[in-house]
> 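Can you keep this structure in mind? I'll have questions shortly.
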Amino acid sequence: MDLLGMTWRDVGFLHWPVEPSVVAATLPDGLTVDSKDGQAWLGVVPFEMADIRPRGSPIGRSFGELNLRTYVTDGETPGVYFYNLDADDRVSVALARRLFELPYYGASMELGRTGDDVRFQSRRTDDRAQRADFDATYGPADGAETHEPTPRSLESFLVSRYRFYVADDAGTIYYADIDHDPWPLRDGTAEIRANDLFAANGFDHPLGDPVVYYSPGIDVTAGRLRRL
């Protein structure tokens, strides 16, 4: 049964390849790296979480969100593993921590739109985690056409994920499933002026420019958290 409904708007997918051993060292027992062509991936994903609401509620909340994530499997089902989810909404941060065990942290954020470009600025204000700033402008590349992810492609590997995993302080792993239509994607560009998320989570900043995709958004539902 769906627990929450929401819309993810103006999503930037910024991904860097890393050695699988870099990610493997950070995962709880029971999860392993999900790699593509021998590489693990770290993704920074800024977007607007719009109209998030419990099932059956006519009223929702909207705010900016920013996460650092990687890709894992429990041996059967691939999914997302989050290192942090920063959000500009105290109530939602508290609820997400209680209901989903997710590593949410409070942050002050500003989103501005100029044409198709999104300016996203974030400064973590939560004293439960190291300070982290992020400042970037991202959007679709000139002339890029909207398309659905091609099966078995890199873009599908990075965005077509329908489960997330979390671990509590005792190392117990939980998961929740999400549902949505295929992502409407465009090849993207990004100008990154500040990005402390890697350092704040104990990673060296990956070398090179990220692989970037942009999506105008999608409606999503999320189910209840379950113990693996």
> Can any side-chain N or O of T137 pair as donor or acceptor with the backbone N or O of E191 at less than 3.5 Å?
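No, the answer is negative, given that no donor and acceptor are paired below the 3.5 Å cut-off.
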
> Flag yes if I192 and V18 sit in one hydrophobic cluster, no otherwise; membership is Ile, Leu, Val, Met, Phe, Trp, Tyr, and two members link when side-chain heavy atoms are under 4.5 Å apart.
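Yes, same cluster.
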
> Quick one, T32 with T73, criterion side chain to side chain contact (heavy atoms under 4.5 Å, CB included). Give me CA distance, side-chain angles, the key distance, then yes/no.
CA-CA 6 Å; T32 58; T73 178; 3.3 Å; yes

> Donor-acceptor pair, Y138 side chain versus P46 backbone, under 3.5 Å?
yes

> Does some side-chain heavy atom of L228 sit less than 4.5 Å from a side-chain heavy atom of D74?
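Sidechains of L228 and D74: in contact.
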
> For residues A144 and D187, report the shortest heavy-atom separation together with the two atoms involved.
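Heavy-atom minimum between the residues: CB-O, 3.6 Å.
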
> Got V44 and N195 here, is their nearest side-chain heavy-atom distance under 4.5 Å?
yes

> Quick check on E110: does its CD atom have over 12 non-hydrogen neighbours (other residues, nucleotides or ligands) under 6.0 Å away?
no

> Are V80 and V11 co-members of a hydrophobic cluster defined by side-chain heavy atoms under 4.5 Å apart?
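As far as the 4.5 Å side-chain criterion goes, V80 and V11 are connected within one cluster.
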
> So does R161 pair up with D34, basic N to acidic O under 4.0 Å?
yes

> Verify salt bridge (charged side-chain N to carboxylate O under 4.0 Å, His left out) between D126 and R131, making sure each step is shown before the conclusion.
CA-CA 8 Å; D126 199 313; R131 175 174 166 173; over 6 Å; no

> Under the side chain to side chain contact (heavy atoms under 4.5 Å, CB included) criterion, do D51 and M6 qualify, and how do the steps go?
CA-CA 5 Å; D51 196 28; M6 67 205 82; over 6 Å; no

> Is N67 close to D86 at the side-chain level, that is, under 4.5 Å between some pair of heavy atoms?
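No, every pair of side-chain atoms sits at 4.5 Å or beyond.
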
> Just to verify, which of T26, N201, T70 counts as forming a side-chain hydrogen bond (donor to acceptor under 3.5 Å, both in side chains) with Y83?
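When T26, N201, T70 are each tested with Y83, the side-chain hydrogen bond (donor to acceptor under 3.5 Å, both in side chains) holds only for T26.
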
> OH of Y105 to CG of L85: how many Å apart, nearest 0.5 Å?
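One finds 9.0 Å between OH of Y105 and CG of L85.
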
> Is the ring centre of F164 less than 6.0 Å from the ring centre of Y162?
no

> Determine whether E148 and E155 make a side-chain contact, defined as any pair of heavy atoms from C-beta on separated by less than 4.5 Å.
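Heavy-atom side-chain distance check fails, nothing below 4.5 Å.
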
> Please check if atom CG in D209 has more than 12 non-hydrogen atoms from other residues, nucleotides or ligands closer than 6.0 Å.
no

> Would you call S156 and T150 a side-chain contact if the rule is heavy atoms closer than 4.5 Å?
no

> Nearest 0.5 Å please: distance from the CZ atom of F198 over to the NE2 atom of H205.
5.0 Å

> Quick one: CZ on R113 to CD on E48, what's the gap to the nearest 0.5 Å?
5.0 Å

> Yes or no on side-chain hydrogen bond (donor to acceptor under 3.5 Å, both in side chains) for D219 and T7, after CA distance, side-chain angles and deciding distance?
CA-CA 4 Å; D219 293 331; T7 300; 2.7 Å; yes

> Between Y71 and H15, is the ring centroid distance below 6.0 Å?
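Yes, they do, as the ring centres are separated by less than 6.0 Å.
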
> With distance as the sole test, does K36 use its side chain to make a donor-acceptor pair with the main-chain N or O of R152 at under 3.5 Å?
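Yes, because the side chain of K36 sits within donor-acceptor range (under 3.5 Å) of the backbone of R152.
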
> Any side-chain heavy atom of F134 sitting closer than 4.5 Å to one from F120?
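With C-beta onward as the side chain, the pair touches.
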
> Mark yes or no for whether D196, through its side chain, and A200, through its backbone, hold a donor-acceptor pair below 3.5 Å.
no

> A side-chain contact here means heavy atoms from C-beta on lying under 4.5 Å apart; do Y165 and R163 qualify?
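Answer yes - side chains close enough.
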
> For a side-chain contact (heavy atoms from CB on, under 4.5 Å) with R124, tell me which candidate from L66, N84, D133 qualifies.
N84

> For P20 and G38, work out which heavy atoms get closest and say how close.
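Looks like CG-O, 3.5 Å.
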
> Apply ring pair (Phe, Tyr, Trp, His ring centres under 6.0 Å) to the pair F82 and Y104, showing each step before the final yes or no.
CA-CA 9 Å; F82 292 109; Y104 264 91; 8.0 Å; no

> What's the spacing between L225 CG and Y175 OH if we round to 0.5 Å?
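These two atoms lie 9.5 Å from each other.
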
> Taking V33 as the starting point, is it possible to reach W41 by hopping between hydrophobic residues whose side chains are less than 4.5 Å apart?
no

> Just checking, is any N or O donor in the side chain of D10 or Y214 under 3.5 Å from an acceptor N or O on the other one?
yes

> Could you walk me through whether L31 and I173 pass the side chain to side chain contact (heavy atoms under 4.5 Å, CB included) check?
CA-CA 8 Å; L31 296 178; I173 299 173; 3.7 Å; yes

> Does Y213 share a hydrophobic cluster with F47, counting links as ILVMFWY side-chain heavy atoms below 4.5 Å and allowing steps through other members?
yes

> For A176 versus G223, what's the shortest heavy-atom pair and its separation?
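Nearest heavy atoms, A176 then G223: CB-O, 3.8 Å.
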
> When you group the ILVMFWY residues by side-chain heavy-atom contacts below 4.5 Å and let the links chain together, are V159 and V72 in the same group?
no

> Of all heavy-atom pairs between P149 and L185, which one has the smallest distance, and what is that distance?
CG-CD1, 3.8 Å

> Once you measure the plane-to-plane angle for W8 and W183, does it fall in the parallel (<30°), tilted (30-60°) or perpendicular (>60°) bin?
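Rings of W8 and W183: parallel, under 30°.
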
> In Å, rounded to the nearest 0.5 Å, how long is the span from CZ of F63 to CE of M109?
9.0 Å

> Between D177 and R224, does any side-chain N to carboxylate O distance fall below 4.0 Å?
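Between R224 and D177 there is no salt bridge, as every charged N stays at least 4.0 Å from the carboxylate O atoms.
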
> So, D37 side chain and Q39 main chain: donor-acceptor pair closer than 3.5 Å or not?
no

> I'd like to check S122 versus D88 (side-chain heavy atoms, cut-off strictly below 4.5 Å). Are they in contact?
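In short, these two side chains do not touch, never coming nearer than 4.5 Å.
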
> Please report the interatomic distance CD1(I178) to OG1(T221), rounded to the nearest 0.5 Å.
8.0 Å

